[in-house]
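Here the structure comes first, spelled out in structure tokens, and everything after it is commentary.
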Amino acid sequence: MKIGYKLLAEGYDPKEIVRQAVAAERAGFDFVEVSDHYHPWLAEQGHSGFAWAMLANAAAKTERITLMTGVTCPTMRYHPAIVAQAAATLAILSDGRFKLGVGSGERLNEHVIGGGWPAVHVRQEMLREALEIIRLLWSGGYHSYDGQYLEIAEARVFDLPAELPEIVVAAGGPKAAKIAADLGDGIFNTEDDPSVLETYASEGGKGPRYCEVMMSYAGREQDAVAAAREKMRFGLTGWKVMAELPNPGSFDAATATVTEDDIRQNFSCGPDPESHIKSVQNYVNAGFDHLTLANAGPDVDGFFEFFTSELQGPLRELKTA
């Protein structure tokens, strides 16, 4: 079982995100993934630094921990040719410790370049084309590609790492799971529903299975609940909403009725390790083997200490019930 830490770039300034990456390595995490957003989900979060710059800085300041985008959309705000180049460079700078997490994006981040927001089936086809382009450019030499939505013309990535980064594809349904099986090296999800993993396996997917587990640590349960409601309540809207709303104000309106009881029902909150372990067990039972802990609590360093002393050992021993 591999255990990672979610670097919430919407909640902290860029220097703090890099500091947390270093601290996560020291605490014993196997990997960190950083959200790649243009806007925060909520105004209360207040930040949204450039993920690739933060990862490059973290690569220079760490030695062991794997670094990931969690996740990048390689179709609109970035052209896939640029993502191919950026990922190859980061793999070199990190001495092979970088993995590329990709997904079909959210309107919150991608609409900022103009041109509208495509329907979900179009976004998925664009993602497929983007991954084909990235794979093509990583094969070396000059290449052109003429897809329905994306193209490249005589492009070449000159600096390629000795070992190419793994591509982990975010999938919330069967179509995306097939893309992950066809063109990815692993799959990523945020829900403990095994059906997506079943589709991934049936389509030939054999790579690592990443999940993101929301939790909120604090010395008092009430403080953990309040912090999660303030800055992470957007997660309760679900991906059909999260992919479509355009700005933090929209998410504020969509989550105005979220209560602290709603948070308690959807997050493991407080200082009791058993509560958090039980929550993670649901994801293990669903078939995930790479657990990304996303802490909504107010005390980051306290959470790292809590992980080292109370969570790390039991989580690494979890098996499907």
Side-chain angles (χ1 to χ4, degrees), residues 1-36 45 47 49 51 53-71 90 93-99 101 168 188 190 208-221 223-224 227-228 231-232 267-281 283-284 288-319:
M1 192 69 64
K2 298 293 185 181
I3 306 174
Y5 180 73
K6 178 75 173 190
L7 297 167
L8 298 169
E10 306 89 347
Y12 301 93
D13 72 71
K15 286 187 176 181
E16 172 61 13
I17 289 295
V18 174
R19 188 197 72 82
Q20 288 182 22
V22 174
E25 180 176 72
R26 189 165 55 245
F29 284 95
D30 300 306
F31 63 95
V32 291
E33 59 173 71
V34 63
S35 43
D36 186 356
Q45 292 178 318
H47 298 279
M54 292 184 286
L55 286 170
N57 198 351
K61 294 183 177 181
T62 56
E63 297 178 355
R64 170 192 58 80
I65 201 163
T66 296
L67 309 166
M68 294 181 62
T69 49
V71 294
L90 195 46
L93 292 175
S94 64
D95 295 320
R97 291 185 288 125
F98 175 69
K99 296 186 180 183
V168 181
F188 172 86
T190 59
R209 303 171 175 201
Y210 288 79
C211 64
E212 192 170 290
V213 186
M214 297 303 304
M215 55 182 57
S216 186
Y217 168 79
R220 294 194 320 139
E221 190 255 1
D223 294 338
K231 293 188 176 181
M232 301 299 287
F267 288 69
S268 56
C269 296
D272 179 11
E274 291 303 318
S275 171
H276 301 295
I277 293 167
K278 181 179 179 181
S279 176
V280 173
Q281 180 72 65
Y283 290 83
V284 175
F288 292 98
D289 54 21
H290 284 62
L291 314 172
T292 308
L293 309 186
N295 172 44
D299 181 3
V300 174
D301 291 313
F303 177 74
F304 286 144
E305 294 175 7
F306 178 66
F307 170 77
T308 301
S309 62
E310 302 288 345
L311 289 183
Q312 179 172 201
L315 290 184
R316 292 194 185 281
E317 295 176 0
L318 288 181
K319 293 180 173 55

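Because the structure is predicted, anything quoted here is derived from the model rather than measured.
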Among all residues two or more places apart in sequence or in another chain, which pass the side-chain hydrogen bond (donor to acceptor under 3.5 Å, both in side chains) test with [X]?
X	answer
E33	K6, T292
T62	R97
Y5	none

Please round to the nearest 0.5 Å and tell me the distance separating atom [atom1] of [X] and atom [atom2] of [Y].
X	Y	atom1	atom2	result
K319	Q281	NZ	CD	10.5 Å
R19	L7	CZ	CG	10.5 Å
E63	I65	CD	CD1	12.0 Å
F267	M214	CZ	CE	4.0 Å
L67	E25	CG	CD	8.5 Å
E274	L311	CD	CG	9.5 Å

Residue pair [X] / [Y]: nearest heavy atoms and the distance that separates them:
X	Y	result
A59	L90	CB-CD1, 4.5 Å
A224	S216	O-OG, 2.7 Å
A27	Q312	O-NE2, 3.7 Å
V32	A24	CG1-CB, 3.7 Å

- [ ] Can you sort out the partners of Y12 under ring-ring contact (aromatic ring centres under 6.0 Å, His included), two or more places apart, ordered by chain and number?
- [x]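 Result, ring-ring contact (aromatic ring centres under 6.0 Å, His included) vs Y12: none returned.
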Quiz prompt | Pairing residues for F98 by the ring-ring contact (aromatic ring centres under 6.0 Å, His included) criterion, not counting sequence neighbours | solution =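 Residues passing ring-ring contact (aromatic ring centres under 6.0 Å, His included) with F98: W52.
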Flag, side chain of [X] to backbone of [Y], donor-acceptor distance under 3.5 Å:
X	Y	result
H276	P271	no
D289	R209	yes
S35	G70	no
Q20	V300	no

So, for F31 and Y210, is the gap between ring centers shorter than 6.0 Å?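 That pair passes the under 6.0 Å test.
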Taking the six-membered ring for Trp, are H290 and F188 ring centroids under 6.0 Å apart?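 No: the rings miss the under 6.0 Å criterion.
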Check: How are the rings of F29 and F304 set to each other: parallel, tilted or perpendicular (split at 30° and 60°)?
Finding: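 Plane angle over 60°, so perpendicular.
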Name all residues meeting the side-chain contact (heavy atoms from CB on, under 4.5 Å) criterion together with [X]; count only those two or more places apart in sequence or in a different chain, and write none if there are none.
X	value
D299	D301
V280	V213, M215, V284, L291, L293, L315, L318
P314	I277
S275	S268, D272

Handout entry: salt bridge (Lys or Arg N to Asp or Glu O under 4.0 Å) contacts in which one or both residues fall within residues 305-318, not counting sequence neighbours
Key =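 Matches after skipping sequence neighbours: D30-R316.
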With K231, which residues qualify under salt bridge (Lys or Arg N to Asp or Glu O under 4.0 Å), at least two apart?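 Result, salt bridge (Lys or Arg N to Asp or Glu O under 4.0 Å) vs K231: none returned.
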### Message
R220: which residues meet the salt bridge (Lys or Arg N to Asp or Glu O under 4.0 Å) condition with it, sequence neighbours left out?
### Response
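With sequence neighbours excluded, R220 shows a salt bridge (Lys or Arg N to Asp or Glu O under 4.0 Å) to D223, given in chain and number order.
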